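The model shown is predicted, which means the values in this text are computed figures rather than measured ones. Worth knowing before you read on, the calculation uses all heavy atoms, side chains too, and leaves out hydrogens, waters and symmetry mates.
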Amino acid sequence: LNQFRSSSEIVDGYRLASTFDPALWRMVTVNGQPAGCLLLTAHRATLAGDIEPDAARAKDTAVPEDATANSTGGNDFGAMEISYMGLVPEVRGQGLGRLVLDEAVRISAQRRAPRMVLAVDRENSPAITLYQRHGWVEAAQESVWGLQIS
């Protein structure tokens, strides 16, 4: 979606979400320099069991293989979403993606979210390989539509 929104517009959009929680964002640094980030978003449900699996799958693109379908222990999250996860090209291929993904799962487990979701460009084979290697499975394929207005 790069041609439709700038990086600052994307970040502003995440900040304006009703579920924005800065405690769910992480900056990745390498040798003291910014090298990437993780943006998580908690999606709430009145009861996690009220979420229709087909409706959830229609939006979600990938879920961890061992994600549970129902909440245990009364949390009110429907899912924790990896809204954005990225590393600058210079540090890719060094295992940092795995560490960032592990941090996302750790935070989600700490928040007692019953499942996690994310969306990934179907052309992004390095990211897809990372997610598959760590037990995520494809839940849906979707097309994103846009219109550039001059």
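You'll find the side chain of Ile128 stays beyond 4.5 Å of the side chain of Glu138, heavy atoms only. Side-chain contact between Tyr84 and Cys37: present, with at least one pair of heavy atoms (C-beta onward) separated by less than 4.5 Å. With a 4.5 Å cut-off on side-chain heavy atoms, Leu101 and Met85 count as touching. The shortest side-chain heavy-atom distance between Trp136 and Leu130 does not fall under the 4.5 Å cut-off.
Between the Asn31 side chain and the Gln33 main chain, no donor and acceptor come within less than 3.5 Å of each other.
Ser108 and Met80 get closest at one heavy-atom pair: OG-CG, 3.1 Å. The nearest pair of heavy atoms linking Met27 to Gly36 is SD-O, 3.2 Å.
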Output side-chain donor-acceptor pairs under 3.5 Å for residues 86-100, partner residues at least two apart or in another chain, one line each.
residue : atom : partner : partner atom : Å
Arg92   : NE   : Leu87   : O            : 2.7
Arg92   : NH2  : Leu87   : O            : 2.6
Gln94   : NE2  : Glu90   : O            : 3.4

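By the side-chain contact (heavy atoms from CB on, under 4.5 Å) test, Ser143 pairs with Arg122, Trp145, sequence neighbours left out. Ala104 pairs by the side-chain contact (heavy atoms from CB on, under 4.5 Å) definition with Leu38, Leu40, Ile82, Met116, not counting sequence neighbours.
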Using the rule given for side-chain contact (heavy atoms from CB on, under 4.5 Å), can you reason through Thr129 versus Arg133, listing the C-alpha separation, both sets of side-chain angles and the distance that settles it, and then say yes or no? CA-CA 6 Å; Thr129 300; Arg133 197 176 294 143; 3.0 Å; yes
Can you list the steps and then say if Asp21 with Arg111 is a side-chain contact (heavy atoms from CB on, under 4.5 Å)? CA-CA 12 Å; Asp21 181 353; Arg111 296 285 180 114; 3.1 Å; yes
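Separating the OG atom in Ser83 from the NE2 atom in His43 is a distance of 5.5 Å, to the nearest 0.5 Å. Glu103 CD to Gln110 CD: the interatomic distance, rounded to the nearest 0.5 Å, is 8.5 Å.
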